[in-house]
Amino acid sequence: MFHKSCILSMSDLLIMVNSMVKYNSSKIEKKWQKIWQGQKLYETKDKIAGKNNYMVLVEFPYPSGNLHIGHWYAFAVPDISVRFLRMNGRNVLYPIGFDAFGLPAENAAIKNKINPRDWTKKNIMYMTKQLKSMGASFDWSRTVSTIEPEYYKWTQWMFLKMFEKGLAYRAKTMVNWCPKDKTVLANEQVVDGCCERCDSSVIKKELEQWMFRITDYAERLINDMQGLNWPETTKLAQKNWIGRSEGVLIDFKIQDTGYKIQVFTTRSDTLFGATYMVLGPEHPLLKNNELGIMNYGKVVEYIKKAKVKNYEERIAEGKEKTGVELKGVKAINPANKEEISVWVADYVLGHVGTGAIMAVPAHDSRDFEFAKKYNLPICHVVAPIFVDYTNPPRDGASTIKRKTVQCIVKHWNENKYLCLKWKKYDWQTFIIGGVEEGEDMAGAGMREIREETGYMDIRFVKQLGPPVYAKYFAAHKSENRLSEVYGLCFELKSDKKLPVSTKETETHDAVWIEREKVKDFVRGAEIPELLVRLEGKERAYIDGGILIESGEFSGMDSENAKWEIAKFVRGERKVNYRLHDWVISRQRYWGTPIPMVNCRKCGWQPVSEENLPVKLPLLKNFMPTDDGRSPLARAEKWAGAKCPKCNGPAERETDTMDTFVDSSWYFIRYVDPKNFQKFASEEKMKLWLPVPLYIGGAEHNTMHLLYSRFFIKVLYDLNFVDFSEPFTGRKNHGIILGPDFQKMSKSRGNVIDPDKEVVKYGADTVRMYLAFMGPYDQGGPWNSGGINGIYRFLNRVYSFVNYKSQITNYKQIPNPKPKIRNDLERLLHKTIKKVGEDIESLRYNTAISSLMILLNEFEKNSEKVSIEYLKIFLKLLAPFAPHLSEELYQQFFGSPESQIPNPKQIQNSKIQNIKQLNSIHFEKWPEYDQKLIQENIFELVVQINGKVRDSIEVTVEISEKDAAEIVLSREKVKKYLENKPVKKVIYIPGRLINFVL
RNA sequence: GCCGCGGUGGCGGAACUGGAAUACGCGUACGGUUCAGAACCGUAUGUCGAAAGACUUGUGGGUUCAAAUCCCACCCGCGGCACCA
């Protein structure tokens with residue numbers, strides 16, 4: 001598109017001279033960070049006339065003590081969007097804070113023998129310095145830290161509000177207990193049965209805990225996601241986490257007693273196939289031998305063993321199911337009134353459903369496994385249904401039901417099967433046929449085999465299990481068919497044959513197909529299932545289908561049968577959730593104290609509001625205790641309190657809160673961090689909330705994001721906030737891997753230290769490289785060579801702007817508007833459009849690529865580059881490389897009032913004297929000219945038989961006829977046409993013309 | 001096992017609603033510059049082939065004038081959930 005200039009001019013030489021000088025990133029970056037801070041450039045006002053407020057939220061870091069490359073990815077890259085939005089006229093708040101309570105501080109403190117508070121505060125100071133080196137436009141005046149009493153006062157206050165509403169309650173529960181950390185873990189913090197932090201195997205323990213009633217909000221947490229601008233994957237993860245399942249509660253009477261066992265099932269359609277029942281070891285009916293279990297001793301022994309089992313043991317056992325039958329106990333299947341056995345087995349979990357199940361081995365793989373092991377009856381009640389996707393049922397055609405047989409006929413001594421090869425269609429089938437009224441199936445099969453192939457020496461072997469259904473379109477009759485198919489096995493004993501009628505031989509031939517090839521060559525959606533049965537590989541069929549052997553419900557489809565059968569046995573419809581209430585108690589020191597007091601007389605009483613915050617006392621010994629009590633219990637003086645109700649002696653709650661409570665509302669505090677009357681003023685919340693864009697890691701899909709949504713819904717219901725969803729927009733970022741494509745870790749030795757990279761290349765290069773690596777939601781491996789490309793690019797920008805400034809005295813040409821609209825200007829405007837659109841969709845990598853293309857063309861056509869072009873270019877670059885673009889912008893285009901001293905002269909004192917900086921970061925984002933972008937000439941691609949053979953420049957308005965005429969006159973095209981007639985011409989205006997020969 | 005995401009040069013990755021696959025960057029090679037190296041600049045760079053040309057987006061099939069993109073089956077990688085009744 002552009003012509004290369006081949007003449008080496010004086011100016012080109014100058015470029016070369018300049019390009020040898022690398023820009024001093026460190027000096028420039030430090031200088032501008034100081035100036036921006038001195039000018040309070042990023043301290044965001046609550047209201048600016050004519051500008052809309054917009055908060056870009058990132059997940060506040062845990063102050064581990066050192067910033068890693070992941071922090072840069074999480075904070076420096078979104079800063080691109082922040083700066084872009086700001087230049088687009090929004091009043092953008094980009095807040096930062098610290099999620100500073102939590103276990104690591106305690107562990108580090110124990111190790112280093114210092115107080116967690118001191119350790120944490122030191123880390124916060126150090127990390128603040130590191131964060132500032134990013135040059136991100138954080139508003140440091142609004143910093144929030146969860147360990148400050150002014151902050152956790154409100155965390156405690158919210159707890160009290162939830163307690164008042166009955167949403168915070170105390171209950172005995174089986175909790176996940178980490179024996180090493182000596183604390184309770186949320187389900188979410190248990191990974192593969194091990195503690196998320198220390199990897200020791202988690203055991204179950206019964207403890208009294210404070211809990212939040214998050215299950216009350218399950219339904220709203222699912223439904224309210226609909227309107228959120230979130231990644232679908234995140235929504236799905238939450239949905240699966242909440243795990244809503246609709247089912248039925250069904251009572252099973254126990255024979256000869258007044259007792260009954262209630263089960264929850266989502267598959268009431270399989271009730272006729274329930275051939276036994278299982279109680280979980282925790283089931284209350286097992287506690288005392290109320291049922292009169294004859295082998296109660298054995299049962300108790302089993303229960304004891306099951307409770308001790310932890311995750312590792314269960315893995316070691318290969319998850320093989322175990323159980324004990326309750327001898328002398330029989331239940332009645334309410335559907336068919338049959339007597340069935342009752343078992344106790346630990347594959348049934350106490351906390352799921354009712355803690356007891358009806359077992360349907362034919363249609364549940366776990367029950368199947370158990371039934372096989374203990375020889376329990378298996379009764380099929382759902383027949384599979386297969387749809388032939390190559391020949392699916394058609395809308396509008398009538399559906400005909402028929403009973404058919406699939407005859408699987410084995411050769412007398414070879415491993416091959418008799419099939420029909422159809423003449424009209426290109427396929428083979430087994431011998432299939434309809435079963436006539438009153439005819440027996442084996443007989444029907446034999447008749448079909450004889451009629452269609454002539455073979456007569458046939459032995460019927462067996463029927464392959466219950467029927468299956470096949471749905472397909474029968475083309476020859478123009479009807480949809482629903483066939484009830486019985487797989488029948490036959491064996492031919494000899495090749496004795498009768499003649500076959502011509503009617504049959506006209507349509508098909510008999511052929512033999514080897515066993516291995518049957519799967520690939522025999523047609524029919526139900527064939528794979530029949531072959532599995534032929535092999536004798538039995539398994540549970542867990543999908544829906546058509547009911548069989550289910551009394552009056554036989555023939556019904558699973559979905560309808562579910563509710564019909566439920567009605568029949570008077571089952572109660574119920575919704576069940578996987579989600580459980582949120583246990584927030586932690587037996588640790590370094591957390592927000594739970595503001596409750598236990599009075600011997602009045603029980604648990606809330607601390608009154610005016611006594612908040614309940615401050616975390618300084619403690620010398622914060623080692624965890626072995627008895628499960630919090631280290632805070634050692635602070636006897638602190639723990640002793642007066643009952644808020646009767647003033648009598650009482651004890652404080654010594655547990656602290658899960659840190660997910662702290663982080664459930666931190667973003668609200670950003671809007672009003674110094675408010676001592678409220679957690680935030682209503683006015684300010686109205687100005688900033690809910691958060692329109694929250695950028696963070698996918699690891700928070702199910703924990704932090706869900707908890708925070710729950711919290712905000714509670715606050716909304718209590719009328720404390722006027723929004724019911726905290727984050728209307730959410731984007732996930734990927735993970736930066738080491739150069740070896742592995743997760744970065746000290747033990748692997750593949751950790752990239754951002755501080756070192758900044759020293760080497762500068763913050764601009766590091767943040768821009770991170771943005772350039774790939775799509776932001778994808779992350780990817782750090783490539784030590786790749787960062788050089790960005791470094792070179794920024795150096796070329798520096799050199800190019802310097803070079804242009806040396807040959808042109810820009811300041812004397814006031815705003816020269818270029819008159820010639822050339823290709824370069826067109827590219828410039830296209831780039832403005834692309835960079836803007838790409839930033840908006842977080843596709844920073846392609847935005848940077850288009851900036852590179854623009855610079856390449858600038859260099860090739862440097863004489864056409866005007867001052868306006870350069871200014872625009874710097875503005876486009878500004879979000880990505882904020883320091884360099886500010887430096888160049890001020891140096892060459894800054895107004896006299898905002899002139900910044902030369903970098904060489906800059907000193908702290910001088911920075912203070914700068915009156916007002918017209919920062920590039922508050923300039924208006926360039927606009928593009930839509931008309932200019934629209935090309936009037938394009939490359940028409942010429943295809944012959946779909947292959948590209950030529951291309952011609954033509955005007956946009958060209959008609960198909962004109963285009964074809966021009967194209968057909970080209971020699972190149974003629975050559976490929978070879979005088980053959982053109983069958984068809986496909987013309988896509990603005991793109992291509994395709995000649996089909 | 002279930003759910004989700006992905007698989008494109010030597011590498012990171014581009015490619016709109018199906019319409020020129022491999023943009024941009026890295027790397028490599030050669031050339032320039034240099035006493036020399038680094039840095040920098042230029043040219044080339046999917047594979048096979050001397051060339052014409054043919055082939056090429058995990059594999060196999062399908063739909064279409066046209067498929068990285070849509071459909072089906074399978075393989076591999078990553079992430080989440082996991083005896084959830």
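Naming convention: chains lettered A, B, ... in sequence-line order (proteins, then strands); numbering from 1 in each chain.
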Rounded to whole Å, CG of Asn732(A) lies from P of rG80(B) at a distance of 13 Å
Against the side chain of Ile357(A), the closest entry in rA85(B), rC40(B), rA82(B) is rA85(B)
Q. NA contact type, Gln943(A), heavy-atom cut-off 4.0 Å: base, sugar-phosphate, or nothing?
A. base
query = Does Lys321(A) make a side-chain donor-acceptor contact with the base of rC83(B), cut-off 3.5 Å?
reply = yes
(Q) Counting the benzene-type ring for Trp, do Phe873(A) and Phe800(A) have ring centres under 6.0 Å apart? (A) no
By salt bridge (Lys or Arg N to Asp or Glu O under 4.0 Å), Lys239(A) pairs with (sequence neighbours left out) none
From the candidates rA20(B), rA14(B), rA85(B), the one with an atom nearest any side-chain atom of Val941(A) is rA20(B)
With the side chain defined as heavy atoms from C-beta on, Ile988(A) is closest, among rC84(B), rA85(B), rG19(B), to rG19(B)
Which of rG25(B), rG4(B), rA20(B) is nearest the side chain of Leu236(A)? It is rG4(B)
note: Glu859(A), atom CD; rU43(B), atom P; distance rounded to Å ~ 11 Å
Reckon Val985(A) touches a base, only the sugar-phosphate, or nothing at all at heavy-atom distances under 4.0 Å?
nothing
By the Watson-Crick or G-U definition, both distances under 3.5 Å, rU43(B) is matched with rA29(B)
Ser849(A) has its side chain closest, among rG19(B), rA23(B), rA21(B), to rA23(B)
